[in-house]
Amino acid sequence: MLNSNYLLVLFAFPFLATLIVSMVRGRGQAVTWVSIALALGYFIVVLLGLTVTELRYEATWFLPLGLKYGLYLDSYAYYLILLSSFLTLLALFYSRGVVEKKITAYHALFHALQATVVACLLCDDLVFFYVFWEAMLIPMYFIIGVWGGQRRLYATMKFFLYTFAGSLFMLLGLIAVYIYYYKATGVWTASFQTLMEYFQTNPMPVTVQSWIFLTFVLSFAIKVPLFPFHTWLPDAHVEAPTAGSVILAGILLKMGTYGLMRFAVPLFPEAAQAFAGPLCFLSVVGIILGALVAWQQTDIKKLIAYSSVSHLGFVTLGIFMMTETGWNGAYLQMINHGISTGALFLLVGFLYDQRHTRDISAYGGLAKILPMFTLILVVMTLSSVALPGTNGFVGEFLILLGSFQSNTASWIWVVLASVGVILGVIYMLHMIQKLCYGKPSKPEVETMTDLTWKEWVLYSPLVALVFFMGIYPIWFLGPIQEKTAGIFATIAPFLAK
Amino acid sequence: MEEQSHLQCIAALAVLLPLVGSALWFSLGKKFGEKFVSIGAVSFLALSFACIAYIFFTATLPLRINFFQWLPLGTSSVSFAFLFDPLSLALSMVVTGVGTLIHLYATGYMHGDAGFGRFFSYLNLFVFSMLMLTLSDSLPGLFLGWEGVGLCSYLLISFWFTDEANASAGKKAFIVNRVGDFGFLLAMFCIFKVFGALSIPEILQTVQAGNFSGDDLFWTRLACFGLVLGAAGKSAQIPLYVWLPDAMAGPTPVSALIHAATMVTAGVYLCCRMQPLFLLHLDVLNVIAYMGAITAFFAATIAIFQNDIKKVLAYSTISQLGYMFLAVGLGAPVAAYFHLITHAFFKALLFLGAGSVIHGLHHEQDMRHMGGLRTKMPITFWCMTIGVLAIAGVPPLSGFVSKDEILHNVWGNHDWTLVALAFTTAFMTAFYMGRLWIMTFFGKFRGHHEAHESPWTMTSVLVILAAASALAGILNWPHLWGGSETLGTYLSTVVQALIHHAEDPAHALQSSLTLAVVSSLVGLAGLTIAYFRYRNFSGEEFSSPAFRPFQNKYYIDELYDAIVVKNLRMFGKFLWKVVDGFVLDGVLNGSAALASRTSTYLRQLQTGLMQQYALWIWIGFLILLLGAWTGRS
Amino acid sequence: MFEKLIQDSMTALPMLHWPILACLVLVVNLFGRGGPQFYLGFVALGLIASLSWDIAIFNNELRETVFSGGVVWDSYAQVFTIIAKAMVLVVTLTVFPVAGLQTKFFKSAFDQTAEFLVCLLLSGMGVSILASAADLTSLFLGLEIMSIGLYCLCGFYRADVRSTESGFKYLMIGAFSTAIFLYGVAFIYGATGETSYALIAQKMTTLAGDPLVKLGVLFTLAGLAFKLAFVPFHLNTADVYEGAPTPVTGYLATIVKVGVLAASLRLLWGVLESVSGMWISSWIALCALSIVIGNVVALQQRTMKKLLAFSSISHAGFMGLGLLVSNPQSGDVFPLMSYIIVYSAMSLGLFALLTYLENGEKPLLIEDLRGLVRKKVWVSLALGIFIFGLAGIPPFAGFMIKFWIFQALIEQGYWTAAWIGVLGSLLGAAYYLKVLMTIFISEEEGSLISYAPPRDPILSLRLVVIAATLLTLLGGVRPQLYAHWIFSTLALK
Amino acid sequence: MSAPIAYVLFLSFAVFCFGACGFLIRKNALSLLICLELMLSGVNMAFVGFSRLHQNEGGNVLYFLVITVAACESAIGLALILNFFRLKKSVRLDEARALEG
């Protein structure tokens, strides 16, 4: 069953789901259950492909100038699709009772978001990767825009335009590669695989390679977000509805790092080598800034948003230091961040639905009133603080250990990044103390109800994943290691010895 | 190092029992009540102790048990594996043994507390992490235990979390431990860079066999410094000791088990375990020695002026740990290890005694409100007396033997500053322990509540510990005094001592005897002075301002707060408001505003007057003409 | 000697369909008393017939100079005539609901539906002549026929001062620019002594540096630039678009630009290729300016039609770049053609919706569209798709057409133009998003919510909107709906 | 003897410029139409001059076409001005500001 038209099913299913959900008439409940069923169905379909290593689907549709709908699935793309389908399922299940207005549109948009993300991950053609890379913004634009908080107009506008501006530069870089290949070989194709094989034997001159690499990095850096380009993230997260934040943090941010690992570094290894130093500096600044600023926040969602800046700073550090272990750790940390931050946003959403405020000082003493909630919150905090035994540690340890051995950039960055480990504890425990310990700051807090079975269905898989991947990451790292080894085999000749 | 399957399951049982227990008590604690939890917790601990003891007596050491692969590191990989050798077994025996006793004690102490189940779940989790720390075969495994105990100490210190102070004390402990862990992480990276592997036996083999290039030596030196920072963080040495006194906010059994007997000794265990690596860099050993000595002296000076009984014991623990690091620094790991074991016994005894006093006086911790308890709490009094005498270094108790051996090594080293520090600290230790002893048990009763003796569960533990701390000395009775140094021989396979100088046997016996007499005289002197000073203690003392800095612990906490915490918070605000808010967002909103301003400006051109449009056409055309003509555009 | 004339008109029959249909309408109008619906239906059917006729007799290899050298009837001219007819058909279908209105405003304006249609058809004829002109005279004639038809159309609402003023302004400035254009033609004629493209092209190779030629080329360029509404010449566009009736604005924004582009493609690349050094850099400057300034000024626009006016200026800039990169000889005009087709579809669709939404008396402000999605879901969905298309945001066709242009620009090394195009489409996205925000996201109620247009959008308008949405959606994902066909047909041998 | 082409060109350019400047300055709508005619006549002069220079009739043909087109334009222009007058009771161009903004 696992052949190329499985890929087609993987590609087409979410698009179909979007259509079906938008067609459903009738009261809100029907739409919700249909959409959750479809999300579950897709999650199972994705699970079927667990053993896949590499699948390719040749396109039948001819397009002018050599563009074609090639689909390509490898373990890098596969695990992100798994994470995306899993988080979408959780997000939709969470927003059952929460969303009242325009439910059909809400669910249709989430399925559309998933469809574009999966399409983007599966595209083998650079141009159609770009098309779906931009298309991802539209559903998110509406999700934040229609169901967001007070300043949603400013936030969603800033989110869309910032990412759109960055990716337009990538468009020119992408076309430059596409035409460079045409001029060199006379063949019109933007298929990533053929480009990779070609550039492996006769790479572009470093000057050309550098500026194209920079356009790619600019676009991906905005999405990640890397240090100077991160100011859209706190606004987007604070204004987005809870389910929107879960998907935004869980999946959309990972597209940036996925892009770096899949396209930017393998295509332009020498340029990546040349710019490794400054980019590592930016990552380290992102780690420290993210942690310190998160410490000052009074809005919980903003705190978690800045913590994402800090966590993804580790991932980009792992990528730009260009070592195999570093890359394995970076990829694992992407998935971990998706799980832990997604869970944190769900927890904040749980609080927000009862108290309708995100101000951290409005809570207090939750440990006594909501013991189960505090347990889940502490477990997720430990995962994001990288306590050994949780998944966060495995990711961070591999990144830092791997990067320390690299000779592309100096080991001082890794030492500074490890300082981030300390800062991480400071702001996370600050949050836990303000939320859970001490006396409840307001009488209403007393009347809050603890987790019910609905929440347990949501959180127990996440908690299980946190510990399972913390203790036994091999089941997951095995295929990733092969893929990384493959990439490093191609770019090894260009790396400094 | 063959692997019998039945040994594997025993080892797994020993370690996993506390983990399973912790999950049980947390979830079922409320439903099944205190009786179930207390029996369960103590029996699980006892069973784990029995397994460790079985391996201790039957297995041929060193025994390496491998479970499954954990971290793939490219060339090599780290797996969950246990390494049973003298070092780890000795400490695990102490951990599980003293742990079981303290569990028994805690069932009495925590009786009636709402979070009873939760408390024992955290305590069991702590024992699990401590066993992971001592038994694991690879550095990351050790690190897992290392941070696990840090987490449990955080959870237990802020156990009564409704009071904000306890919560921030726990937070402070975890953060300061994390600073130490930063050093440990760095050390692991350097070690991996040089040895390409993180499994401890492999590393130590290459260290003994290998010869190292200049570059490698740089990395190993950095690794040693990292380990020292890690050890200092965990064992509360000079730069990172501030968390231990605040850790007293937790329940007393926690202070006894974690902050006296087991967790804080992890640093010493690490230094002994990685001793071959340290031997490559003697200057690092020297640093450890001086760190230990200064910490010992510094902590002792503060302990004298504390009025809270648990704070006195906390600073005394820091001081005794200083001694252990001094011994390790001088290349006498056996002495350090011996002192570690004896200290575990008598410090646990002192803490539990203090706990029973506090329990009796309904949570009264200030010594100035105690006094004359020897008649009301006889058993606690007699056990505490043995503890005080042991720690003061009065022969023939265990404290005297282990401390004397350290002093012997210090004397042998001929480094006079260290000797001076060691001996004055010995005197001060005796003085403040005497002060504690007399203020609580002699003179008239200054408290409010009616004191009563603790229940049998607590006092029985006190008696056992009293016996242990009295007789522990025979464990490593020096050869010179006719002893068999069982611990020394037992550990000799793993660590070796640095012989400073060869002495002829006759002279050695004579000097060690004189040394023993001198150290015991110092101890007795401290006690008698304390006795005469506090015999009829009225209530206040050290009122003159000269003692102000000592009573306020040299304002170290305030200093750290001012330098580190306030600046970091200001830097955070700066980053948020200026870098993010003003610079980055400024650029963004600025460019948007620029675009809309130019657009409003250009819109004014649309005046609706047709002639102006024609005029603009001409102007546009002329520009086109000029551009084309000059060939520029 | 009439045989040659009859034979020529037989070959170039598609072009003659326009006048024939126009005369038929006039004759019918003379006799019959049919209402507006009748005439519109009559013209629509006529156009459909002529369209199917043209597609049937479409002949790729045909290349004949007819009417004694005035016009060359090749595949290129046929394609543009077909496109022009399709667009005029769309405009007539858009006019359907407006014409049928009984409200005071429209009734007085549309009692001469026949005249309206005649002007429309003749203007369409102008476009075909432009596309197939092979002589300076027929170029001038085509331009004038198209423009004169438009002057009447713009000023068609006699009772409304805005429409009269728009027609008047368009005429005055248009005539002014035609004078400039003619002066250019005069100089070219003066320099070469010839008026037919082929001969001029031969002469041009020898007159590389001649100042007269340079002056002539620049004057002609200015005239064409005004018709395409490039920036320095764009000022009256906003007023004309605002004042003119909405279907006519749609016509102005699309077909006029298509016709002039076809003419300038033939003129610039066919005739003035050898002297291209003179006009290429000016042309790039014009296009770049119009893309950036067109989008910048659109940022602060209040009314919908003015916003679309400036967006059409920036799209004209893109089409100019498309022309720059196309090379008629080798048939490589795909970027330009795909841009023309998709852009026209989107604009006409959008203007059709505006016609439906507008309530005639006052201009349609963006504020009026606020929260439209709550009341008219399908209309706002279509509006959203068109706006996303115009903004050039992927997966819609609007992005693909921009992609082909960027790709061709970079392939031929016009880096500055590419970078400016990128900046322009970013600015464009800004104001399109603002419009989307008002339609979909904002909570308040725009005036249009309460104004329920008296008639449900009848069949014609729905047809137009659905066709345009389909093209916008699928155009990007499967451009070979039109790509393949364009590629093969347009080899100008 | 025929006047050299430069004189004819100079004259035509002069007439063209007068027309253009008139177009920019005059405030009355009707005078605008006159100025337009002036510009077109300037162009015609150029056409006839060049046709004479090249001894072929291309320029003359264009001359006639330009005249006819100018006539059509002024016809429609007058119609529009009439309508404008009917609505605004004045032909001053300053009145025509309804489409501002």
Side-chain angles (χ1 to χ4, degrees), chain A residues 158 161-162 228-232 234 288-289 291-297 306 323-325 328 365 367-368 371 375 378 382 385 387-389 393-394 397-398 400-402 404-405 411 414-415 418-419 421-427 429-430 432-433 436-439 471-474 477-478 481, chain B residues 26 68-74 77 80 114 118 129 132 140-141 143-148 150-151 154-155 158 161-164 166-168 170-171 174-175 177-179 181-182 185-186 188-190 192-193 196 198 568-569 571-577 579-581 583-585 588-589 592:
Chain A
K158 184 176 183 177
L161 280 184
Y162 209 161
F229 308 109
H230 65 286
T231 45
W232 62 271
I288 292 169
L289 178 133
L292 282 179
V293 173
W295 189 24
Q296 315 302 330
Q297 299 306 327
Y306 274 108
T323 55
E324 281 204 30
T325 329
N328 292 339
K368 185 167 287 304
L375 174 74
V378 165
L382 296 183
V385 142
L387 185 95
F393 170 74
V394 179
F397 184 74
L398 289 181
L400 293 175
L401 189 80
F404 200 80
Q405 324 305 335
W411 55 280
V414 178
V415 172
S418 314
V419 167
V421 164
I422 307 169
L423 300 178
V425 165
I426 294 176
Y427 69 83
L429 291 188
H430 163 77
I432 292 283
Q433 178 161 351
C436 304
Y437 296 148
K439 300 274 175 306
I471 302 299
Y472 189 67
I474 296 300
L477 276 177
Q481 266 178 304
Chain B
F26 188 86
F68 54 87
Q69 188 186 14
W70 179 27
L71 298 174
L73 304 175
S77 80
F80 283 112
R118 194 159 58 87
S129 324
M132 278 302 286
F143 191 64
L144 188 138
W146 194 267
E147 291 234 351
L151 169 72
Y154 163 71
L155 292 172
S158 45
F161 51 77
T162 41
D163 171 2
E164 201 69 27
N166 298 353
S168 30
K171 185 173 81 168
F174 196 80
I175 291 171
N177 278 348
R178 245 319 162 74
V179 175
D181 300 349
F182 161 73
L185 267 174
L186 210 58
M188 277 199 272
F189 302 153
C190 299
F192 187 76
K193 193 171 179 70
L198 284 176
L568 262 182
R569 206 179 285 275
F571 185 49
K573 279 220 168 24
F574 162 76
L575 283 178
W576 177 24
K577 284 284 184 280
V579 172
D580 261 22
V583 174
L584 296 177
D585 268 357
L588 228 60
N589 301 341

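The chains referred to below are lettered A, B, ... by the order of the sequence lines, with proteins before strands, and numbering in each begins at 1.
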Report the C-alpha distance between A:Phe393 and B:Phe143 in whole Å, list the side-chain angles of each, state the deciding distance to 0.1 Å, and finish with yes or no for side chain to side chain contact (heavy atoms under 4.5 Å, CB included).
CA-CA 11 Å; A:Phe393 170 74; B:Phe143 191 64; 3.5 Å; yes

Write down the atom of [X], the atom of [Y], and the distance for their closest heavy-atom approach.
X        : Y        : answer
B:Glu164 : A:Gln433 : OE2-NE2, 3.0 Å
A:Lys439 : B:Thr162 : NZ-O, 2.9 Å
B:Phe161 : A:Cys436 : CD1-O, 4.5 Å
A:Leu387 : B:Glu147 : CD1-OE1, 3.6 Å
A:Gln481 : B:Pro72  : NE2-CB, 3.4 Å
A:Pro388 : B:Leu144 : CB-CA, 3.5 Å

Separation of [Y] [atom2] from [X] [atom1] (nearest 0.5 Å):
X        : Y        : atom1 : atom2 : value
B:Trp70  : A:Leu477 : CH2   : CG    : 12.5 Å
B:Phe571 : A:Leu289 : CZ    : CG    : 7.5 Å
A:Leu423 : B:Leu568 : CG    : CG    : 6.5 Å
A:Ile288 : B:Leu575 : CD1   : CG    : 9.5 Å

Is it the side chain or the backbone of B:Leu151 that comes within 4.5 Å of chain A heavy atoms, both, or neither?
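Side chain of B:Leu151 only, per the 4.5 Å heavy-atom cut-off to chain A.
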
Part of B:Ser168 within contact of chain A (heavy atom distance under 4.5 Å)
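Looking at B:Ser168, backbone and side chain both touch chain A.
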
For the interface with chain B, which of A:Leu398, A:Thr325, A:Ile432, A:Leu429 has the highest count of heavy-atom pairs at distances below 4.5 Å?
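Result: the option with the highest number of such pairs is A:Leu429.
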
Who among A:Leu401, A:Val293, A:Leu292 has the most heavy-atom pairs with chain B under 4.5 Å?
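Going by pairs under 4.5 Å, I would pick A:Leu401.
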
What part of [X] lies closer than 4.5 angstrom to a heavy atom of chain B: side chain, backbone, both or neither?
X        : answer
A:Leu400 : both
A:Ile426 : both
A:Val385 : both
A:Glu324 : neither
A:Trp411 : side chain

Find out whether [X] and [Y] are in side-chain contact, i.e. whether some heavy atom of one side chain is under 4.5 Å from a heavy atom of the other.
X        : Y        : value
A:Ile471 : B:Phe68  : yes
B:Leu588 : A:Leu161 : no
A:Val421 : B:Asp181 : no

Among the listed options [options], the residue most often paired with chain A at heavy-atom distances under 4.5 Å:
options                               : answer
B:Met188, B:Arg569, B:Gln69, B:Arg118 : B:Arg569
B:Phe174, B:Phe189, B:Phe182          : B:Phe189
B:Val583, B:Leu73, B:Leu185, B:Asn166 : B:Leu73

Is it true that atom NZ of A:Lys368 has more than 12 heavy atoms of other residues, nucleotides or ligands lying nearer than 6.0 Å?
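Atom NZ in A:Lys368 is not crowded, with 12 or fewer foreign heavy atoms closer than 6.0 Å.
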
A:Lys158 and B:Asp585: side chain to side chain contact (heavy atoms under 4.5 Å, CB included), yes or no, with the steps?
CA-CA 10 Å; A:Lys158 184 176 183 177; B:Asp585 268 357; 2.9 Å; yes

Show your reasoning for whether side chain to side chain contact (heavy atoms under 4.5 Å, CB included) applies to A:Val425 and B:Asn177.
CA-CA 10 Å; A:Val425 165; B:Asn177 278 348; over 6 Å; no

B:Tyr154 and A:Tyr437 aromatic ring geometry - parallel, tilted or perpendicular at 30°/60° bounds:
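Plane angle between 30° and 60°, so tilted.
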
